[in-house]
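Written below as structure tokens is the structure these notes are about.
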Amino acid sequence: MASVSMASSLLPLSSSLSIASRGSSFSCPGSVSFPTPSPPSKSQQRGALTIRCVRVGGVEIPNNKRVEFSLRYIHGIGRVRARQILCDLSLENKVTKDLSDEELISLRDEVSKYMIEGDLKRFNRLAIERLKEIRCYRGIRHEMGLPCRGQRTKNNCRTLKGKKVSVAGKKKASR
């Protein structure tokens, strides 16, 4: 009560305003109380920007892009599958942060029907290991670190072969 009497002695108050202290609010009779601003939570930033990470399929997708483009951040979902998901849900392609909670739940359920992220990576790794075990042409090329889809290797394929290594003793013929 000491803070109320000190505040009232310092500032002339209208009868329509209320005096608020830290724990409780004291108001004059017939007054209107205003809500005190709450401190910004972890999901919000100061100012007009609000940051709310949307997690779909175990991945945080960007919330400032449209849903079709945000879904592409998930490994295993590309352009066609993202559009297919939106068509299956009959969901409007709006900015991700504008999605309601019901739309997010249905989106998560639809994405979980597909093989994505860790499951897809594990499936591909096991398929390559199987090819190596049975010693087929593709498996041998994977082991050697060479392209296995028929590309020529005389000039290019530096991605798989690695950096160019010069061979000693091989000189150009001088004229």
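Position 1 is the first residue of the sequence, and the numbers go up from there.
- For residues 69-81, every residue pair satisfying the salt bridge (Lys or Arg N to Asp or Glu O under 4.0 Å) rule, not counting sequence neighbours, is listed here: Glu68-Arg72.
- The 12-atom threshold is not exceeded at CG of Asn156, counting heavy atoms of other residues, nucleotides or ligands nearer than 6.0 Å.
- To the nearest 0.5 Å, the span separating CD1 on Ile140 from SG on Cys148 amounts to 11.5 Å.
- To the nearest 0.5 angstrom, Arg125 atom CZ is 14.5 Å from Arg130 atom CZ.
- For the pair Glu129 and Lys132, the salt-bridge criterion is not met [side-chain N within less than 4.0 Å of a carboxylate O].
- Here the straight-line distance linking atom CG of Leu107 with atom CG of Asp88 works out to 11.0 Å at 0.5 Å rounding.
- In summary, of the residues considered (Leu99, Ile61, Asp98), a side chain to side chain contact (heavy atoms under 4.5 Å, CB included) with Val67 occurs for Leu99 alone.
- For residues 136-146, the set of pairs meeting the salt bridge (Lys or Arg N to Asp or Glu O under 4.0 Å) definition, not counting sequence neighbours, comprises Arg135-Glu143.
- Residue Glu60 holds its CD atom at 11.5 Å from CD1 of Ile74, rounded to the nearest 0.5 Å.
- Annotation for Val59 and Tyr73: closest pair CG1-O, 3.9 Å, computed over non-hydrogen atoms.
- Between Lys163 and Arg158 the shortest side-chain heavy-atom distance does not fall below 4.5 Å.
- Separating the NZ atom in Lys121 from the CD1 atom in Ile116 is a distance of 10.5 Å, to the nearest 0.5 Å.
- A donor-acceptor contact shorter than 3.5 Å links the side chain of Arg108 to the backbone of Arg55.
- A distance of 6.0 Å separates CG of Leu71 from CG of Leu86, quoted to the nearest 0.5 Å.
- In this structure, Leu104 is not a member of the same hydrophobic cluster as Phe69, with clusters built from ILVMFWY side-chain heavy atoms closer than 4.5 Å.
- Proximity of Tyr114 to Gln84: side-chain heavy atoms (C-beta onward) are separated by under 4.5 Å at one or more points.
- The minimum heavy-atom distance between Thr153 and Lys161, with the atom names listed, is O-NZ, 3.0 Å.
- Closest approach of Pro62 and Ser70 over heavy atoms only: O-OG, 2.9 Å.
- Taking every heavy atom of both residues into account, Glu103 and Ser100 meet most closely at OE1-N, 3.0 Å.
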